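See structure below.
First listed ligand is number 1; within each ligand, the first listed atom is number 1. Both backbone and side-chain heavy atoms feed into the values below; hydrogens, waters and symmetry mates do not. Each residue takes its place number in the sequence, starting with 1. Keep in mind that this is a model prediction, so the values were computed, not measured.
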Amino acid sequence: MSNDIVIRGLGRYVPEKILSNADLESIVETTDEWITTRTGIKERHVVAEGEYSSDLATAAARMALKNAGMKAEELTHIIVATFTPDNIVPSCACIVEEKLGLKHRVAFDIAAACSGFLFGLEAARAMLALHPDANVLVIGSEVVTHRTNFTDRSTCVLFGDGAGATILSNKGEGPRLLDVRLSTDGELGNLLTVAGGGSASTYKPGEAVRDDYFIQMQGREIFKHAVRSMTGICNEILEANGLSNADVDVLIPHQANWRIIDAVGRKFEIPAEKVFSNVQRYGNTSAASVPLALSEAHSTKFIQDGDLVMLTAFGGGFTWASALLKF
Ligand code: UT7
């Protein structure tokens with residue numbers, strides 16, 4: 001564990017277009033009342049025609065660079081967590097590198113679904129241990145709505161598009177990344193799948209996409225595992241650092257569903273006013289959700305100087321993770 005990693009800058013971006021619960025009422029058989037009481041979500045942002053994950057990622061990166069007072073040229077590594085890259089090849093990270101006007105950096109994607117940003121933080125820690133002068137850009141960026149079946153009411157009301165970014169270095173001023181904990185369980189992989197287009201679920205030229213092209217999930221089962229896994233890995237990281245839940249000033253869980261966020265806060269015995277949530281306005285933006293929430297919590301001063309901030313996420317795989325930050 002290193003105490004020296006500095007969070008130089010935070011950034012975020014969401015596309016302009018908003019899809020409200022009322023809009024969804026005219027697309028599938030649902031109601032604002034059902035969506036609000038079951039998920040807390042009121043609206044989500046959706047990309048415009050021709051707007052892709054790399055565009056959202058680049059916009060979030062530019063905000064993080066501005067926030068850090070850094071030039072893009074200073075970046076050495078670009079890590080993008082996404083399950084909705086523009087293409088399978090080239091990686092989203094390589095496209096972001098190009099869009100930032102850079103060459104000859106180390107750019108790659110991470111696939112850990114909604115936990116991807118936290119997996120990216122851990123990869124950044126490894127990069128910074130190997131390359132002490134590195135400046136690592138970690139982004140979570142998703143166009144989830146392009147992998148959402150808008151005839152399936154059990155999934156299409158949940159997701160939105162967006163991006164969040166952070167820049168990490170061994171030097172400079174800023175909050176500290178204290179520790180990260182990750183875990184996975186492939187046996188639970190069937191709980192959430194996006195199979196179509198993968199090598200186990202191929203398409204022939206001209207063939208129409210099947211339902212497997214879109215997110216398929218077992219909502220109730222995921223709900224249970226989400227609460228259990230996030231609470232467990234938060235306890236683990238606190239214990240490893242000689243801390244307890246009473247030391248946590250701000251908890252930022254993956255923004256999937258307000259009921260999950262609330263259940264984690266309660267199980268963890270953290271007062272509701274210390275738990276950050278913006279799921280109401282963005283829905284579940286998968287790997288973008290935690291960095292988007294972190295950047296927003298910071299710029300709205302929900303996070304104060306000196307705060308101990310705990311991030312936690314869960315996602316398809318099954319993957320789950322936690323991180324501790326000191327502001
Ligand atoms: O990043 C990870 C991504 N996945 C998740 O985070 C999912 C976690 N799970 C959840 O958030 C919740 O399980 C859901 C919000 C997905 C569902 O809530 P639930 O309370 O577990 O409801 P349910 O799936 O058990 O469905 C209850 C009822 C069903 O009707 P019947 O069988 O009781 O008549 C559904 O058909 O609600 C119905 N339903 C809907 N009704 C109106 C399902 N979706 C809708 C909808 N509008 N959009």
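- The only member of T166, L121, V106, I79 that meets side chain to side chain contact (heavy atoms under 4.5 Å, CB included) when paired with V136 is I79.
- Ring geometry for H298 against F327 counts as tilted: the plane angle lies between 30° and 60°, on a 0 to 90° scale.
- Among all non-hydrogen protein atoms, the one lying nearest atom 18 (O) of ligand 1 is R259 NH1, 3.8 Å.
- Ion pair K99/D55 flagged as a salt bridge, since at least one NZ, NE, NH1 or NH2 atom sits closer than 4.0 Å to an Asp/Glu carboxylate oxygen.
- The aromatic rings of H77 and H131 sit tilted, their planes meeting at an angle between 30° and 60°.
- Close approach of ligand 1 to T39 is summarised as follows: ligand atoms under 4.0 Å from at least one heavy atom of the residue are 15 (C).
- The nearest protein heavy atom to atom 29 (C) of ligand 1 is not closer than 4.0 Å.
- Nearest protein heavy-atom contact of atom 38 (C) of ligand 1 is R153 NH2, 3.7 Å.
- The aromatic rings of F314 and H254 lie perpendicular to each other, with more than 60° between the two planes, well past the 30° mark.
- Between V250 and the choices I303, L325, I270, L311, the side chain to side chain contact (heavy atoms under 4.5 Å, CB included) rule is met once, by I303.
- Nearest-heavy-atom check against atom 9 (N) of ligand 1 across G316, G219, S286 picks out G219.
- Taking only non-hydrogen atoms, the option from W34, F314, F223 nearest to atom 17 (C) of ligand 1 is W34.
- A side chain to side chain contact (heavy atoms under 4.5 Å, CB included) with Y282 is found for one member of Q255, K42, E296 and no other, namely E296.
- Listed by first then second residue, pairs satisfying side-chain hydrogen bond (donor to acceptor under 3.5 Å, both in side chains) with a partner in residues 59-72 number zero, not counting sequence neighbours.
- For atom 4 (N) of ligand 1, the nearest protein heavy atom (residue, atom name, distance) is M217 SD, 3.3 Å.
- The protein non-hydrogen atom at the shortest distance from atom 5 (C) of ligand 1 is I222 CG2, 3.8 Å.
- Within 6.0 Å of atom CD in E239, 12 or fewer heavy atoms from other residues, nucleotides or ligands are found, so the atom counts as exposed in its surroundings.
- By heavy-atom distance, the residue among H254, Q218, R38 lying nearest atom 22 (O) of ligand 1 is R38.
- Nearest protein heavy-atom contact of atom 47 (N) of ligand 1 is T30 OG1, 2.7 Å.
- Side-chain heavy-atom separations under 4.5 angstrom define the hydrophobic clusters, and the remaining members of the one that includes L137 are L65, M70, L75, I78, V80, V96, L100, L102, I139, I167.
- For CG of L130, the number of neighbouring non-hydrogen atoms (other residues, nucleotides, ligands) closer than 6.0 Å is greater than 12.
- From the protein, the heavy atom lying nearest to atom 24 (O) of ligand 1 is R220 CG, 4.4 Å.
- Taking every heavy atom of N284 and a limit of under 4.0 angstrom, the matching atoms of ligand 1 come to 1 (O), 2 (C), 3 (C).
- Using a 4.0 Å heavy-atom cutoff, C114 is listed among the residues neighbouring ligand 1.
- Inside a 4.0 Å radius of atom 32 (O) of ligand 1 there is not any protein heavy atom.
- Interface atoms of ligand 1 facing V157, defined by a heavy-atom separation under 4.0 Å, are 48 (N).
- Counting protein heavy atoms only, atom 6 (O) of ligand 1 is closest to A256 CB, 3.5 Å.
- Near L192, with a cut-off below 4.0 Å to any heavy atom, the atoms of ligand 1 are 2 (C), 3 (C).
- At the shortest separation from atom 14 (C) of ligand 1 among protein heavy atoms lies N257 ND2, 4.5 Å.
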